[in-house]
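Working notes for the structure below.
Whatever order the structure lists them in is the order used to number ligands and atoms, beginning at 1.
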Amino acid sequence: MTVLISPSILSADFGRLAEQVSEAAEAGADWIHVDVMDGHFVPNITIGPAVTSAVRAATDLPVDVHLMIEEPDQYLSAFADAGADYITVHQEVCPHLHRTVERIRELGIRPGVTLNPDTSLDTLMEVIPEIDLALIMSVNPGFGGQSYIPASTEKIRRLRTMLDECGANGAELEVDGGINVGTAGAASRAGASVLVAGAAVFRHPDGIAEAIRLIRRAAEEVGADGAS
Ligand code: DX5
Ligand code: ZN
């Protein structure tokens with residue numbers, strides 16, 4: 001199964017961000033993942049619309065914005081104006097999730113919804129027909145370089161079944177956190193169509209291009225169970 005790779009700039013060298021984004025694009029990255037954190041929803045502060053605009057200016061690839069912030073509704077238009085192609089919000093901070101998804105769509109942006117590791121997939125059931133992306137957090141959000149939570153693989157498998165059965169209209173299944181050559185295969189075989197990788201790409205000793213090549217190869221390898 002062909003899997004898209006969406007390198008997360010959270011682990012990039014911010015002193016030469018445009019260069020790193022271009023290098024990832026030239027190396028065959030499919031999207032660029034932008035991790036926005038506000039220090040409230042998660043215990044870290046990263047970047048906002050201004051850096052998203054800089055990423056937009058540096059590449060033609062889809063800009064995949066992941067909002068790990070409280071009250072995301074207040075910032076949807078700012079990230080739309082900054083050039084996001086996808087805006088993904090956390091179910092945990094959207095009391096009116098259906099309305100938030102509608103607002104993202106009204107801005108001409110593809111809406112995504114994501115869940116922390118301990119949040120049940122059942123909370124997505126009603127909104128699945130409205131989204132273009134469902135994101136499984138395979139780490140507790142807030143930092144790059146963490147280890148993949150093994151229970152995520154079964155959650156990915158269940159979400160793939162839900163998307164197939166609930167009329168998801170071709171929504172992507174993205175997995176985010178701890179993706180590397182050791183975990184990409186399991187996530188892909190379980191049903192992921194997009195893999196986010198931060199440290200495994202931007203901190204790889206052999207460089208960005210080799211890192212992307214290895215992750216893609218691992219993701220597309222036929223598994224021990226014969227599934228690819
Ligand atoms: C964590 C972020 C992830 C993270 C992925 O809160 O949402 O996108 O940056 O980074 P790695 O691949 O290093 O776990
Ligand atoms: Zn992310």
Nearest protein heavy atom to [atom], by residue and atom, and its distance?
{"atom": "atom 1 (C) of ligand 1", "result": "F143 O, 3.5 Å"}
{"atom": "atom 9 (O) of ligand 1", "result": "D35 OD2, 2.9 Å"}
{"atom": "atom 6 (O) of ligand 1", "result": "G142 N, 2.7 Å"}

Under a 4.0 angstrom heavy-atom cut-off, which atoms of ligand 1 come close to [X]?
{"X": "H66", "result": "7 (O)"}
{"X": "G177", "result": "14 (O)"}
{"X": "D176", "result": "2 (C), 3 (C), 4 (C), 5 (C), 7 (O), 8 (O)"}
{"X": "L10", "result": "9 (O)"}
{"X": "G145", "result": "11 (P), 13 (O), 14 (O)"}
{"X": "G178", "result": "11 (P), 12 (O), 14 (O)"}
{"X": "G144", "result": "10 (O), 13 (O)"}
{"X": "G198", "result": "10 (O), 11 (P), 12 (O), 13 (O)"}

Give me the one residue out of N116, V36, L67 that meets side chain to side chain contact (heavy atoms under 4.5 Å, CB included) with F41.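 The side chain to side chain contact (heavy atoms under 4.5 Å, CB included) with F41 is passed solely by N116 among N116, V36, L67.
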Testing I156, D164, L133 for side chain to side chain contact (heavy atoms under 4.5 Å, CB included) with L173, which one passes?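 Testing each of I156, D164, L133 against L173, the sole residue satisfying side chain to side chain contact (heavy atoms under 4.5 Å, CB included) is I156.
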How far does OG1 of T59 sit from CD of E26, to the nearest 0.5 angstrom?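 If we round to the nearest 0.5 Å, T59:OG1 and E26:CD are 9.0 Å apart.
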Are [X] and [Y] packed together at the side-chain level, in the sense that at least one heavy-atom pair is separated by less than 4.5 angstrom?
{"X": "P7", "Y": "I212", "answer": "yes"}
{"X": "C94", "Y": "P72", "answer": "yes"}
{"X": "E102", "Y": "L107", "answer": "no"}
{"X": "H33", "Y": "I9", "answer": "no"}
{"X": "D132", "Y": "Y86", "answer": "yes"}
{"X": "L121", "Y": "K155", "answer": "yes"}
{"X": "V89", "Y": "L97", "answer": "yes"}

Tell me, please: is M37 in heavy-atom contact with ligand 1, that is, under 4.0 Å?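 Under 4.0 Å: yes for M37.
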Looking at ligand 1, would A197 count as a contact under a 4.0 Å heavy-atom criterion?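 Contact present.
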Give yes if a backbone or side-chain nitrogen or oxygen of [X] is under 3.5 Å from a nitrogen or oxygen of ligand 1, and no if not.
{"X": "S8", "result": "yes"}
{"X": "M68", "result": "no"}
{"X": "A199", "result": "yes"}
{"X": "M137", "result": "no"}

When the ring planes of H90 and H66 are compared, do they come out parallel, tilted or perpendicular, using 30° and 60° as the limits?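 The rings of H90 and H66 lie parallel, inter-plane angle below 30°.
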Counting neighbours of CG on D60 that are heavy atoms of other residues, nucleotides or ligands and sit closer than 6.0 Å, is the number greater than 12?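 Counting other residues, nucleotides and ligands, CG of D60 stays at 12 neighbours or fewer.
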Verify the neighbour count for atom CZ of R213: are there more than 12 heavy atoms of other residues, nucleotides or ligands below 6.0 Å?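 Yes, because the 6.0 Å sphere around CZ of R213 holds more than 12 heavy atoms from other groups.
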Taking the Zn ion (ligand 2) as the center, what protein N, O or S atoms are found at less than 2.8 Å?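 Atoms qualifying: H33 NE2, D35 OD1, H66 ND1, D176 OD2.
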Give the minimum heavy-atom separation between M37 and G142, together with the two atoms involved.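 Looks like SD-O, 3.1 Å.
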